[in-house]
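These figures come from a predicted structure and were not determined experimentally. Below, chain A is the first sequence line, B the second, and so on; all start at residue 1.
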Amino acid sequence: MFQAKFDTAIWDVVSSIPYGQFMSYGQVAKAAGYPRHARMVSRAMSRSDKKLPWHRVIKSDGTLAFPADSDYYQQQKASLMSEGVVLLNGKVIPPDNDEPEDLDALIWGADSL
DNA sequence: CCCTTGACTATCT
DNA sequence: GAGATAGCCAAGG
């Protein structure tokens, strides 16, 4: 069954995401060997009752995949921050971030909107 | 079997 | 930079 091999690959990739790091759905899908299956990534994780670090999986924009008013959103955000990931304006800090104002904000606790 | 939906992504306006 | 549109693939009704 496609799903069996797919979800296993997804779980493996998601589980392989280092602490304090994150990957986009498309990135995970590609890494699992299934490009364009970004949507299937979500399904695979949702199906799995395993302890997957799904909070490390976000959208390509750096934002979380859930609506800001969703409980899952809060949970994911909290998990990320507890791993050292800083969120700014509801987005994770991209590697090319160099804005001093944003830097100051994240130092003092970003995402306190 | 056709149509809708979804934890997505990229492009255009 | 936000909103709309199209492409994408699989699952569920």
Could you write out each protein N or O paired with an N or O of nucleotides 2-7 of chain C at a distance under 3.5 Å?
unit_1: C:dG7; atom_1: O6; unit_2: A:Arg39; atom_2: NH1; d: 3.4

Distance in angstrom units between A:Phe6 CZ and C:dC9 C1', rounded: 9 Å
Distance, rounded to the nearest Å, where A:Met40 contributes CE and C:dG12 contributes C1': 11 Å
Flag, side chain of A:Ser82 to backbone of A:Ala78, donor-acceptor distance under 3.5 Å: yes
Donor-acceptor contact present, side-chain A:Ser16 to main-chain A:Val13, <3.5 Å: yes
Evaluation steps, side chain to side chain contact (heavy atoms under 4.5 Å, CB included), between A:Lys59 and A:Leu64: CA-CA 6 Å; A:Lys59 296 201 298 186; A:Leu64 307 187; over 6 Å; no
Mutual orientation of the aromatic rings belonging to A:Phe66 and A:Tyr72 [parallel < 30°, tilted 30-60°, perpendicular > 60°]: parallel
Start and end of chain A contact along DNA chain B [non-hydrogen atoms, under 4.0 Å]: B:dG6 to B:dA10
Stepwise side chain to side chain contact (heavy atoms under 4.5 Å, CB included) check, A:Val57 with A:Ile17: CA-CA 9 Å; A:Val57 184; A:Ile17 303 177; 4.1 Å; yes
DNA chain B contacts made by residues 61-70 of chain A, counting heavy atoms under 4.0 Å: A:Ala65, A:Phe66
Indicate yes or no: at least one non-hydrogen side-chain atom of [X] is less than 4.5 angstrom from one of [Y].
| X | Y | value |
| --- | --- | --- |
| A:Val85 | A:Ile93 | no |
| A:Val86 | A:Met81 | no |
| A:Val14 | A:Val28 | yes |
| A:Tyr25 | A:Arg39 | no |
| A:Arg56 | A:Gln76 | no |

